[in-house]
Number of protein chains: 2
Amino acid sequence: MGAGMVDTKSGDDSLLFLTDENLRRGIEAMFFAYRGFTSDPDRILQGLDYGRAHHRAVHFIHRAPGTTVGNLLDILGVTKQSLNRVLRSLFDDDLVEARVGHKDRRERHLYLTEKGAALERSLSDAQRARMRSAYRAAGPVAVAGFRTVLEAMMDQEQRRQYQAQYQSAKVGAP
Amino acid sequence: MGAGMVDTKSGDDSLLFLTDENLRRGIEAMFFAYRGFTSDPDRILQGLDYGRAHHRAVHFIHRAPGTTVGNLLDILGVTKQSLNRVLRSLFDDDLVEARVGHKDRRERHLYLTEKGAALERSLSDAQRARMRSAYRAAGPVAVAGFRTVLEAMMDQEQRRQYQAQYQSAKVGAP
DNA sequence: TTGGAATGTCAACAACGCTGACATAAATTG
DNA sequence: CAATTTATGTCAGCGTTGTTGACATTCCAA
């Protein structure tokens, strides 16, 4: 049996949401929605010398102030060379500040500067505005389903990080 | 009032799903889920000389056999130079075939070859497997909400194309 | 017949992934 | 204390995929 087959003999209404047709629509919905999802911040970033990678770094530093470089590497899932290129430009432009860890002095704890916080705000305001309008249009039940499906779609490791977000801030002092 | 504020004076349970905290979680869920969503095809494609752009082209040609280059440009939202680079390699490797339109001979109607269909199958089997498992874990109600929110998140133009998918196949013959 | 649409192509560039190699400082371990 | 490991930074090079700009061809349509 091919990977695309679905067993529908068990009932009429039970598994119809698992047809290949429906799965394909879900796949395309992800594709188009992700484009919309990133388009507003992308528009803001173009013109400045930044891109989506800078947005992600700034987002997660804002979310977890004092996070370390290694921590950010885990969350973003890129190489340190790639992240370093991004962080360097953020340092150079005074958007992000790195403080040496006081417990482990090898670590750099990352913080947004005033200027960095302003950029983060402008990016996330735009992105939240779209999300809010989508949420409002869809209603709370749909939103709950949305989040449930997205969590189920993540890799286990990604899901772990997603759920750990709220405890991962490390308050490092210089 | 900042763009991040939410009016919660109207009730207790009504608008709590619109808090900035919830919106932010939705944003991060999109980020992590999209990574999972693309990871399986990406794994297959690396090693072959293809990337995500080839996947998209092959996907939409499969979905709408006989679609034209211009049509594909609209759907994918990239420049013709960018798409052309991708299509050329797909032609060269005999994955996609272009037939001159018989009504308008400037148009090229695109079709997957046997080989192209095989690649498409392998990519979409992988992606559907993840989607199916997420759908199954979440259940039909959640899936409906998932789709509703994604559609609300698309740009109007993207939503139009998403919904038109099923009538957009043009059966052109040489 | 002329204008514009659909397509292809060349060149150059930018963003952002990757690998590999090497350096440094500091923590940890034997 | 010496050796090893960890956290980080950096240089060099490469691949994919997006961009602009310019130009050519073919062909429909007014």
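We name chains A, B, ... by the order of the sequence lines, and we start the count at 1 in each one.
Between Leu48(B) atom CG and dT16(D) atom P the separation is 11 Å, expressed in whole Å. At whole-Å resolution of the value, CG in Leu45(A) and C1' in dT19(D) are 16 Å apart. Note: CG (Leu73(A)) to P (dT8(D)) measures 7 Å, nearest angstrom. Rounded to whole Å, the distance from NE2 on His55(B) to P on dG18(D) is 13 Å. The nearest whole Å value for the distance from the CG atom in Asn71(A) to the P atom in dT6(D) is 17 Å.
In terms of position along DNA chain D, the nucleotide closest to Asn84(A) lies nearer the 5' end than the nucleotide closest to the other residue of the pair Asn84(A) and Arg56(B).
Of the listed residues (Asp155(B), Ile27(B), Leu150(B)), just one forms a side chain to side chain contact (heavy atoms under 4.5 Å, CB included) with Phe37(A), and that residue is Ile27(B).
Below 30°, between 30° and 60°, or above 60°: for His59(A) and His55(A) the angle between ring planes is above 60°, a perpendicular geometry.
Counted within 6.0 Å of CG on Asp92(A), heavy atoms from surrounding residues, nucleotides or ligands total more than 12; the atom is thus considered enclosed.
Counting 5' to 3', DNA chain C first comes under 4.0 angstrom of a heavy atom of chain B and last does so at the ends given by dG4(C) to dC10(C).
With a 6.0 Å cutoff to the six-membered ring centre and a 45° limit on the axis angle, Arg147(B) does not count as a cation-pi contact of Phe146(A). Cation-pi contact between Arg99(B) and Tyr111(B): present, with separation from the ring centre below 6.0 Å and deviation from the ring axis of at most 45°.
Contact check, His54(B) against dT17(D): a side-chain N or O comes under 4.0 Å of OP1 or OP2. Applying the 4.0 Å criterion to OP1 and OP2 of dT17(D), one finds that Ser82(B) has every side-chain N and O outside that range.
Arg132(B) has a carboxylate O that lies under 4.0 Å from a charged side-chain N of Asp20(A), or vice versa, which qualifies the two as a salt bridge. A salt bridge between Arg52(B) and Asp42(B) is present, with a side-chain N of the basic residue lying under 4.0 Å from a carboxylate O of the acidic one. Ion pairing of Arg25(B) with Glu28(B) is absent here, as no side-chain N (NZ or NE/NH1/NH2) approaches a carboxylate O to less than 4.0 Å. Salt bridge Asp40(B)/Arg130(B): present, at least one basic N to carboxylate O contact under 4.0 Å. Between Arg24(A) and Glu120(B) there is a salt bridge, with a side-chain nitrogen of the basic residue lying less than 4.0 Å from a carboxylate oxygen of the acidic one.
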Next on the checklist: Applying ring-ring contact (aromatic ring centres under 6.0 Å, His included) to Phe31(A) and Phe60(B), what does each step give before you reach the verdict?
Outcome noted: CA-CA 11 Å; Phe31(A) 170 68; Phe60(B) 284 107; 5.6 Å; yes
Polar atoms only, N or O, under 3.5 Å: list the protein pairs with nucleotides 25-27 of chain D and their distances.
{"from": "dC27(D)", "atom 1": "OP1", "to": "Arg105(B)", "atom 2": "NH2", "distance (Å)": "3.3"}

Short N/O separations, protein against nucleotides 12-15 of chain D, under 3.5 angstrom:
none

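Looking at heavy-atom distances under 4.0 Å, Asp49(B) makes contact with sugar-phosphate atoms alone, never a base.
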